[in-house]
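Note that the coordinates shown come from a computational prediction; the quantities given were computed from them, not determined experimentally.
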Amino acid sequence: MLRCTASSAAKASRLCLTGRTPSLRQWYAAPVHKLDKYSPEIVESDWYGWWQQRGLFDPKKKVDSAGNSDEFSMLLPPPNVTGVLHIGHALTLSIQDAIARWNRMHGRRVNWVPGTDHAGISMQTVVEKKLERETGKTRHDLGRQAFINKVWEWKHEHGDRIKRQTKSLGASLNWNEEYFTMDPQHSQLVRDAFIRLYDDGLIYRSTKMVSWSCALQSVISDIEVDKVPTEGRTLIEVPGTKAK
């Protein structure tokens, strides 16, 4: 049940929902709050829930007399689940939200798709450090599948927090199509893409110099490498090794 103020103006412009089947005007009745002072936590959360309950972010199929569908689709750059949203994410969400709402106002079927990114090596490092800190074990002690399960646990914890942050910003996303880049469907699409690129001769496999991480026991990107200039023979500490 929605709350209404006691003023006659509010009564004239807002309808209190009852147990009866709501009319079209009642369906559009917006949340009204009687507060001593403005509370963004209450007001903004109620508005977002109201938008979602009425499916205002779901793309509605619209076809004109000629059988054409005016659609607008957009993908939210998936934030990494290794942390929380920051001011850069807020900027991107604000700009994309304005674009999505503008297109809806012009009658287009808008599908703004949200998701989160597993962040590859970055997420592996975060989960490994947490595992070692709490249990004293490494991913090798657990085994591949058990470690993957730990990654999914991290995702559920931090992915949900990112989702709550995104909703608190009022982003009009189609949550019915929310995805994670480690979902089976998306993982399969990545494998299919690499196979096609290989079959077309656009990528190849060969013996080359690579950047190897002793700590991760894995090949890493050049941008992950910290370059240390030296002169002559120099002993340095390498992460993941016990001796110089």
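Partners of His140 under the ring pair (Phe, Tyr, Trp, His ring centres under 6.0 Å) rule, at least two apart in sequence or in another chain, do not exist in this structure. With sequence neighbours left out, the side-chain contact (heavy atoms from CB on, under 4.5 Å) criterion links Leu202 to Leu197, Asp200. Residues passing the ring pair (Phe, Tyr, Trp, His ring centres under 6.0 Å) test with His89, sequence neighbours excluded: His86. Shown here are the side-chain contact (heavy atoms from CB on, under 4.5 Å) partners of Thr207, two or more places apart in sequence or in another chain: there are none. Here Asn103 pairs with Phe72, Ile99, Arg108, Val110 under the side-chain contact (heavy atoms from CB on, under 4.5 Å) rule; sequence neighbours left out. Remark: Arg101 pairs with Asp97 by the side chain to side chain donor-acceptor pair (under 3.5 Å) rule, at least two apart or across chains. Legend: residues meeting side-chain contact (heavy atoms from CB on, under 4.5 Å) with Arg191, ordered by chain and number and at least two apart, are Ser187, Gln188.
Within the 4.5 Å cutoff, the side chain of Ile220 has heavy atoms near those of the Val225 side chain. Contact check for Pro79 versus Asp117: no side-chain heavy atoms found under the 4.5 Å cut-off. Put simply, the side chain of Val127 reaches to within 4.5 Å of the side chain of Phe147, judged on heavy atoms. Inter-residue side-chain proximity for Gln96 and Leu76 is flagged as met; some heavy-atom pair is nearer than 4.5 Å. By the 4.5 Å heavy-atom criterion applied to side chains, Thr166 and Leu173 are counted as neighbours.
Within a 6.0 Å radius of OH in Tyr204, other residues, nucleotides and ligands contribute 12 heavy atoms or fewer. Enclosure of atom NZ in Lys167 by more than 12 non-hydrogen atoms of other residues, nucleotides or ligands within 6.0 angstrom is indicated.
Scanning both residues, Ala100 and Trp112, for their nearest heavy atoms gives CB-CE3, 4.0 Å. Listed here is the closest heavy atom pair of Val81 and Ile162: CA-CD1, 4.0 Å.
Pairs passing the salt bridge (Lys or Arg N to Asp or Glu O under 4.0 Å) check and including a residue from residues 122-140, sequence neighbours excluded, read Glu128-Arg139, Lys130-Glu134. For residues 176-189, every residue pair satisfying the salt bridge (Lys or Arg N to Asp or Glu O under 4.0 Å) rule, not counting sequence neighbours, is listed here: Lys163-Glu178. Sorted by first then second residue, the ring pair (Phe, Tyr, Trp, His ring centres under 6.0 Å) pairs that include residues 172-192, not counting sequence neighbours, are Trp152-Phe180, Tyr179-His186.
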Assess the residue pair Asn80 and Met123 against the criterion (side-chain contact (heavy atoms from CB on, under 4.5 Å)); give the C-alpha distance rounded to whole Å, side-chain angles, the decisive distance to 0.1 Å, and a yes or no.
CA-CA 8 Å; Asn80 295 341; Met123 184 176 189; over 6 Å; no
Determine whether Leu93 and Leu85 satisfy the following criterion, side-chain contact (heavy atoms from CB on, under 4.5 Å), listing intermediate values before the conclusion.
CA-CA 10 Å; Leu93 282 163; Leu85 301 188; 4.2 Å; yes
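Using cut-offs of 30° and 60° for the angle between ring planes, the His106 and Trp102 rings count as tilted.
Cluster annotation: Val190 and Met182 are assigned to distinct hydrophobic clusters (Ile/Leu/Val/Met/Phe/Trp/Tyr, side-chain heavy-atom contacts under 4.5 Å, transitive). Taking hydrophobic clusters as Ile, Leu, Val, Met, Phe, Trp and Tyr residues chained together by side-chain heavy-atom distances below 4.5 Å, Ile95 does not share a cluster with Ile87. At a threshold of 4.5 Å between side-chain heavy atoms, the hydrophobic network of Ile, Leu, Val, Met, Phe, Trp and Tyr places Trp51 and Met105 in two separate groups. In the hydrophobic cluster analysis, where Ile, Leu, Val, Met, Phe, Trp and Tyr join through side-chain heavy atoms closer than 4.5 angstrom, Leu131 is grouped together with Val151.
Atom CG of residue Leu142 and atom CD1 of residue Ile148 lie 11.5 Å apart, to the nearest 0.5 angstrom. With values rounded to the nearest 0.5 angstrom, Leu169 atom CG is found 11.0 Å from Leu91 atom CG. Rounded to the nearest 0.5 angstrom, Ser73 OG and Asn111 CG are separated by 5.0 Å. Taking CG of Asp222 as the reference point, atom OG of Ser211 lies at 4.5 Å (rounded to 0.5 Å). Note that CG of Asn176 and CG of Asp58 are 4.5 Å apart. Values are rounded to the nearest 0.5 Å. Atom CG of residue Asp70 and atom CZ of residue Arg109 lie 11.0 Å apart, to the nearest 0.5 angstrom.
Think of Val219 as one node in a network of Ile, Leu, Val, Met, Phe, Trp and Tyr side chains linked at under 4.5 Å; its network also takes in Val210, Trp212.
For the 3.5 Å distance criterion, the side chains of Ser172 and Arg104 qualify, holding a donor opposite an acceptor. Side chains of Asn149 and Glu153: no donor on one and acceptor on the other come within 3.5 Å.
Although no hydrogens or angles enter the test, the distance criterion places a donor-acceptor pair under 3.5 Å between the side chain of Thr181 and the main chain of His118. No donor-acceptor pair closer than 3.5 Å links the side chain of Asp46 to the backbone N or O of Val43.
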What pairs of donor and acceptor atoms, side-chain ones from residues 227-234 against any protein atom, are under 3.5 angstrom apart with sequence neighbours left out?
{"unit_1": "Thr234", "atom_1": "OG1", "unit_2": "Gly232", "atom_2": "O", "d": "3.3"}

